[in-house]
Amino acid sequence: MSTEPGIWVAGILTLAIMSFLYKDNPFYKIAESIFIGISAGYWSVYIYFNVIDPLLIGKISEGEYIYIIAGVLGMMMLARLLPGIGWISRWPLAFIMGLTAGLQFTAFLSSNVLQQINASIVSLNGWEFGGVWAFLACPGFRNTIIFIGVISSLVYFFFSKEHKGAFGGTAKVGILFLMVSFGASFGYTVMARISLLIGRMDFLLKDWLGLTQ
Amino acid sequence: MKFLEKMLNVDRRVIFLLIGLAVIAPLFITYKQEIKSDKASKSFDQAINDLKAKKDAGKEVVVLFSAEYDPGTVPELSPMAKAVFMKLFRLDIKIIVMGLIPMGPPLLMEELNGLLKRSEFRDKKYGIDYVNLGYTTGGVVVIKGFIKSIRDKYPTDTNGSKLDDLPMMKTVKNFDDIDLIVNLSSMGGGATSWIQFAQKTDGSKMDIIFGCTAVMAPEAYPFLNSGQLSGLLGGLKGAADYETLINEPDKATKYMFAQSIAHIVIMIFIIFGNIAFFVRRRRS
C-alpha cells in the first residue's frame with residue numbers, strides 16, 4: 001500500500017467519482033467541485049505564465065507593438081461577461097472565424113476531399129482464386145468493396161431523386177456500409193472507454209493498494 | 001423466455017459491476033496475451049526504421065515529437081510515447097519534444113525522464129540528444145510558422161535557453177531539417193492540422209506518423225489509406241502492437257488481457273440483449 005499522500009488523495013477522489021455509477025451522491029459532488037476548482041486555478045496560472053506573459057506582455061515590452069491589437073481583441077472577448085456590452089465580443093470572434101476559414105479552406109479541401117477522392121479511385125484488377133482467405137485478401141476484392149462502398153454511400157446521401165428501384169436498392173447497400181462504419185466507431189469507442197477504466201483500476205490496485213504487480 | 005425478458009430489464013448497475021469485475025480480475029492474473037500487430041502499426045514502425053537508412057548515410061536525423069493529449073487519455077497514449085522514445089533512442093535519433101496543448105509536453109517528458117533512469121539510456125543528454133520546447137499557443141499557426149522558422153514560434157526551450165545555445169538545435173532551422181513528425185493526440189481533429197499544414201519550404205509534404213485514442217482511430221484510417229499518414233497506432237491495441245514490434249512488452253500489453261475479457265462480457269450483453277429484443281418483438 002502506498003505511503004504517498006498524493007496517491008491516497010488521487011485514489012480516494014477516483015472512488016468518489018466512480019460512486020456516481022451507483023447514483024448521484026455528496027462524495028461525487030465534492031470530487032467534481034474539487035476538479036472544477038483546481039482546473040480553473042491551474043489553467044489561469046498556466047495560461048498567464050506561458051501565454052499572456054511571454055507572448056503578449058513580453059512581446060509588447062520588446063517593442064513589437066502590433067501585439068497591442070491582439071491584446072485589445074482579447075480584452076474585447078471578455079466583454080461577454082458584461083450583459084450590456086456583450087456584443088463587442090462578436091468582433092474578435094468574427095476575426096477568429098475569418099482567419100480560421102481562410103487558413104483551413106484550401107487545406108481542408110485538399111486533405112479531406114481531393115486526397116480522399118484520389119485514394120478512392122482504385123484499380124479493380126488483382127484477383128486471387130487460390131482459396132477463401134487469399135480471395136478475401138486480394139487487392140481486386142478489397143478494392144471492389146471500396147468502390148461499391150463509396151458509390152452506394154454517396155447514392156444514399158443524394159436526396160434530389162426518390163430512393164426507388166435500382167437507385168433505392170443502391171442506397172440500401174449504402175446504408176449497410178454506413179452501419180458497418182458506425183459499428184466500427186462504436187467498437188473503437190468501447191475499446192477507448194474500457195482502456196481508461198483499466199488504467200484507473202491499475203492505478204487503484206497497483207499504485208495505491210499494492211495488490212497487483 | 002423469462003431469462004430473455006430479464007435481460008431487457010437488467011439494471012445498468014449490474015452491467016457496471018460485471019464490467020468492473022471483468023476489468024479487475026484479469027489484472028490479478030499474469031497471463032501474457034499474444035499480440036498480433038496490424039498493418040497500420042507495422043507501417044508506423046517502418047516509418048521510424050526508414051530513418052535508420054538516413055542515419056547510416058551520415059545524415060543527422062531529427063524527429064519532431066508533438067503531444068496533444070491530457071491526463072484523461074494517459075492509459076492509451078503514454079505507453080505509445082514510451083515505446084516510441086525507446087525506439088528513437090536505440091536508433092540514436094535526436095528528438096524535439098513539443099505540444100500544441102499545455103499538458104502534452106509534460107506528459108511526454110514524464111515518460112522520457114522515466115527512460116533516462118535505465119542504464120541503457122543514461123548517456124542521453126539534454127540539448128544533444130533531445131530538447132523540450134514545451135507548449136505554445138496558436139495551433140495551426142504554429143505549424144504553418146515552422147515552415148519558415150521554428151525560432152519564430154519557440155525562441156527558447158522550456159528552460160529559457162535560446163535554441164542556438166542547444167547543440168542539437170544549431171542545424172535545425174525549420175521543417176526542412178526535420179525528418180519525421182510523430183504526433184500523439186486525443187484532441188478533436190487529431191493529426192489533421194499537421195497533415196494539412198506541415199510541409200517543407202519546397203511545398204513537399206512531411207512524413208507524419210500518428211498515435212491516437214481508439215475513439216479517433218476510425219477517422220484517422222482514411223488519412224493512412226490516402227497516404228497522408230505514414231503510420232497509425234489506434235488506442236490501447238495500437239500501443240500493445242508497438243510494444244510487441246519493439247520487443248518491449250509493457251503496460252499496454254498487460255492491459256490487453258483485461259481489455260479482451262471486458263470486450264467478451266460486452267459482446268455477450270449485446271448478443272443476449274438483441275436476441276431478447278427480437279424475441280419480444282416477434283411475440284408482440
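Heavy-atom basis, side chains included; hydrogens, waters and symmetry copies ignored. Residue numbers begin at 1 in each chain, while the letters A, B, ... track the order of the sequences.
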Problem - Lys/Arg-Asp/Glu bridge criterion (N-O < 4.0 Å) met for B:D241, B:K36 - result: no
Problem - Lys/Arg N to Asp/Glu carboxylate O, B:K162 vs B:D164, below 4.0 Å - result: no
Which region of [X], side chain (C-beta onward) or backbone (N, CA, C, O), has a non-hydrogen atom less than 4.5 Å from a non-hydrogen atom of chain B, or is it both or neither?
| X | value |
| --- | --- |
| A:Y42 | side chain |
| A:Y46 | side chain |
| A:F186 | side chain |

When heavy-atom pairs shorter than 4.5 Å are enumerated against chain B, which of [options] gives the highest number?
| options | answer |
| --- | --- |
| A:T189, A:L204, A:I194 | A:I194 |
| A:G199, A:A119, A:S120, A:S195 | A:S195 |
| A:L103, A:D202, A:L205 | A:D202 |

Under 4.5 Å from any heavy atom of chain A, what part of [X] do you find: side chain, backbone, both or neither?
| X | value |
| --- | --- |
| B:Y221 | side chain |
| B:I195 | side chain |
| B:F28 | both |
| B:S78 | neither |
| B:K237 | both |
| B:A258 | both |
| B:Q228 | side chain |
| B:L229 | neither |
| B:V141 | side chain |
| B:F197 | side chain |

Exercise for the section: Tell me whether the centres of the aromatic rings in B:F210 and B:W194 are closer together than 6.0 Å. Expected result: no
Report yes if some heavy atom in the side chain of [X] is under 4.5 Å from a heavy atom in the side chain of [Y]; otherwise report no.
| X | Y | answer |
| --- | --- | --- |
| A:M201 | A:M18 | yes |
| B:V97 | B:M109 | yes |
| B:I15 | B:I266 | no |

Handout entry: Side chain A:N143, main chain A:S123, donor-acceptor under 3.5 Å
Key = yes
Fill in the blank from the handout: When every non-hydrogen atom of A:S89 is compared with those of A:A79, the smallest separation belongs to N-CB, 4.3 Å
Handout entry: Test log, rule side-chain contact (heavy atoms from CB on, under 4.5 Å), inputs B:M187 and B:Y69
Key = CA-CA 7 Å; B:M187 297 293 124; B:Y69 67 97; 5.5 Å; no
Handout entry: chain A interface, residue from B:G20, B:G134, B:G235, B:P218 that has the most non-hydrogen pairs under 4.5 Å
Key = B:P218
Exercise for the section: Return the option, out of B:K144, B:E219, B:K251, B:Q196, with the maximum number of heavy-atom pairs under 4.5 Å with chain A. Expected result: B:Q196
Handout entry: Step-by-step side-chain contact (heavy atoms from CB on, under 4.5 Å) determination, B:L163 to B:L133
Key = CA-CA 9 Å; B:L163 296 198; B:L133 300 185; 3.6 Å; yes
Problem - Pair B:Y135, A:N50: side-chain N/O donor-acceptor within cut-off below 3.5 Å - result: no
